[in-house]
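The structure under discussion appears below in the form of structure tokens.
Fair warning: this is a prediction, and the values are worked out from it, not measured in the lab. Note on naming: letters A, B, ... go to the chains in the order of the sequence lines (proteins, then strands), and numbering restarts at 1 for each one.
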Amino acid sequence: MQTGSIDLGPYEPFDLQSTVESGQSYLWDREDGRMYDEPGAYGGSAWYTTVSRAFEDPAVIRVRQVDAGLEWESNADAESVLRSRLRLTDDLHAIRDTAPDDDVVQNSFDAYWGMRLVDDPAFETLISFICSAQMRVGRIHGMQQALCRTYGESVEFDGRTYDAYPRAETLAATTEAELRDLGLGYRAPYVQQTAEMVADGQGHPEEARDLPYEEAREYLTRFVGVGEKVADCILLFALDFTEAIPLDTWIRTAIEEYYPSCDRGNYAETSRALRETFGGTYAGYVQTYVFHYLR
DNA sequence: TAGATACCTTATAG
DNA sequence: ACTATAAGGTATC
């Protein structure tokens, strides 16, 4: 086992629980299994685990927050992966400075100060946000666990068995009926067909990374089950488009309530207006705080 | 092109 | 106990 610690000094503030339990990522499990169950349940020093494909073999990465910083355990040299996945080098103070000085935004920052955007792998994010349609955060997470348990490669680590996220080829080879049995509902064919598209080389979410923002969003909607909202989630949580604002039910409520002038009747125009209001480049960061605050 | 509707499943409210 | 409702929307008509 390899272990290490990361000094949070230069990267403060940082809040691991908010970062991995705020509905941005469905790829982390809490070792005590209490994730999402009890709102407000303190997980300040809990261990979180994910299985990464950033190495030759699937790597189990465990991490927890302690007073001095971050501690990790892995079967690989996980530090650089953690730095990027948890966006440890983002300057939260500078980002907050770009946000509007109104009550909703400032209260959201105060409530979860230290929460980072995540930077997850693109395929995993594509599939998990297809699953997110009309679902609660806890159940979306449960679906991903079911997919990993059923179709993911197993890894032994520290006396336990962990499951990697399934590969596109594996999900492509499933059937709608199998996925419905896992509880995916009407999302089952979306997941199977999208996995098939990726496996067959008809497209890959990484292809969107170097496109201009709105073209990137348009590109992602080629995948079955991906509309504008899910496309924005993939851009924000996996492809480093910090300006992307997913317009979900919570943010739409916030627009109605606090930013009525941003409602332009359609997704693209409303999105632009709110992006402007939220400060442009880091508007997605602001959205993530507001989403977590209102949820 | 904009607008209405069906869609799996389950937790929660009443 | 039982029904209605809504959950980080999308595809289809």
Side-chain angles (χ1 to χ4, degrees), chain A residues 18-28 34-41 104 108 112 115 117-118 120 124-147 150 174-197 203 205 217-239 241 244-257 263-271 274-275 278 283-295:
Chain A
S18 296
T19 302
V20 299
E21 292 198 43
S22 52
Q24 307 179 57
S25 177
Y26 300 100
L27 307 177
W28 291 91
R34 304 199 326 163
M35 205 158 174
Y36 302 117
D37 288 341
E38 306 155 55
V104 191
S108 301
Y112 298 102
M115 179 173 68
L117 231 39
V118 298
D120 276 338
E124 284 88 326
T125 305
L126 170 65
I127 298 299
S128 50
F129 277 90
I130 287 174
C131 292
S132 76
Q134 296 291 100
M135 271 294 145
R136 307 214 177 197
V137 169
R139 287 196 58 208
I140 301 164
H141 186 251
M143 287 181 188
Q144 308 318 305
Q145 289 181 316
L147 286 172
T150 311
T174 64
T175 63
E176 174 182 338
E178 281 175 37
L179 295 176
R180 278 180 185 268
D181 285 342
L182 287 185
L184 297 205
Y186 63 79
R187 305 154 197 81
Y190 300 165
V191 167
Q192 191 278 327
Q193 289 173 47
T194 287
E196 201 162 58
M197 291 174 73
R217 189 173 64 195
E218 172 64 23
Y219 175 87
L220 291 175
T221 60
R222 71 173 49 203
F223 296 106
V224 187
V226 178
E228 292 171 305
K229 186 269 172 186
V230 168
D232 269 331
C233 288
I234 299 165
L235 294 174
L236 182 60
F237 303 136
L239 298 175
F241 284 82
I245 309 179
L247 297 184
D248 58 71
T249 53
W250 295 98
I251 293 300
R252 286 179 184 279
T253 302
I255 290 172
E256 200 179 323
E257 191 101 0
D263 185 358
R264 304 296 163 85
N266 65 71
Y267 192 101
E269 297 292 334
T270 303
S271 172
L274 189 62
R275 184 159 48 259
F278 277 0
Y285 236 111
V286 179
Q287 182 272 358
T288 298
Y289 270 91
V290 172
F291 169 80
H292 196 39
Y293 180 65
L294 295 179
R295 181 167 70 84

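Counted within 6.0 Å of CD on A:Glu256, heavy atoms from surrounding residues, nucleotides or ligands total 12 or fewer; the atom is thus considered open.
A:Lys229 places its NZ atom 9 Å from the P atom of C:dG8, with the value rounded to the nearest Å. Going from atom OH of A:Tyr26 over to atom P of C:dA7 covers 14 Å, rounded to whole Å. Look at CG on A:Leu184: it is 10 Å from C1' on B:dT9, rounded to the nearest Å. One can place CD1 of A:Ile140 at 12 Å from P of C:dT10, the figure rounded to the nearest angstrom. What separates NE2 of A:His141 from P of C:dG8 is a distance of 15 Å, to the nearest Å. The distance between atom CZ of A:Arg295 and atom C1' of B:dA11, rounded to the nearest whole Å, is 15 Å. Straight-line distance from the CE atom of A:Met135 to the C1' atom of C:dA7: 7 Å, rounded to whole Å. Between the C1' atom of B:dT5 and the CD atom of A:Gln134 lies a distance of 13 Å, rounded to the nearest Å.
With B:dC7, B:dT9, C:dG8 as the choices, the nucleotide that has an atom nearest any side-chain atom of A:Tyr186 turns out to be B:dC7. Of the candidate nucleotides B:dC8, C:dG8, C:dT10, C:dT10 has the atom lying nearest to any side-chain atom of A:Val230.
Side-chain to base pairing of A:Tyr190 with C:dG9: no donor and acceptor N or O lie closer than 3.5 Å to each other. Looking at A:Arg187, its side chain has no donor and acceptor atom pair within 3.5 Å of the base of C:dT10.
At the phosphate of B:dA11, neither OP1 nor OP2 sits under 4.0 Å from any side-chain N or O atom of A:Arg136.
Ring orientation note: the planes of A:Tyr289 and A:Tyr285 are close to parallel, at an angle under 30° on the 30°/60° scale. A perpendicular orientation is assigned to the rings of A:Tyr293 and A:Tyr112, their planes being inclined by more than 60° (bins at 30° and 60°).
The aromatic ring of A:Phe129 does not stack onto the base of C:dG8, failing the criterion of a centre distance under 5.5 Å from the six-membered base ring together with planes under 30° apart.
Here the CG atom belonging to A:Leu27 is positioned 11.5 Å from the CD1 atom belonging to A:Ile127, to the nearest 0.5 angstrom. Of the inter-residue distances, the one linking A:Ile245 atom CD1 with A:Lys229 atom NZ reads 13.0 Å to the nearest 0.5 angstrom.
The two residues A:Thr270 and A:Gly265 make their nearest non-hydrogen contact at OG1-N, 3.6 Å.
A:Gly23 comes within contact range of at least one nucleobase, with a heavy-atom separation under 4.0 Å. Nucleic acid contact class of A:Gln287 (heavy atoms, under 4.0 Å, all strands): base. If you check every strand for non-hydrogen atoms under 4.0 Å, A:Ser22 touches a base. A:Gln24 comes within 4.0 angstrom of a nucleotide base, judged by non-hydrogen atoms across all strands. Within the 4.0 angstrom heavy-atom criterion, base atoms lie near A:Gly185.
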Does the pair A:Glu257 and A:Val104 meet the rule for a side chain to side chain contact (heavy atoms under 4.5 Å, CB included), with working shown? CA-CA 10 Å; A:Glu257 191 101 0; A:Val104 191; over 6 Å; no

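Comparing C:dT5 with B:dT5, their P atoms sit 15 Å apart, to the nearest whole Å. Spacing of C1' atoms, C:dG8 relative to B:dA4, comes out at 22 Å, to the nearest Å. Nucleotides C:dT10 and B:dA11 are separated by 22 Å at their C1' atoms, to the nearest Å. Rounded to the nearest Å, the gap between the P atom of B:dA6 and that of C:dA4 is 16 Å.
In DNA chain B, the stems built from three or more successive Watson-Crick or G-U pairs (distances below 3.5 Å) are B:3-7 with C:9-13, B:9-14 with C:2-7.
A:Gln24 places a side-chain N or O within donor-acceptor distance of the main-chain N or O of A:Val118, the cut-off being under 3.5 Å.
Each of A:Ser132 and A:Phe223 lies near DNA chain C, and the nucleotide nearest A:Ser132 is the one positioned closer to the 5' end.
With hydrogens and angles left out, the side-chain atoms of A:Ser271 and A:Arg275 include a donor and acceptor closer than 3.5 Å.
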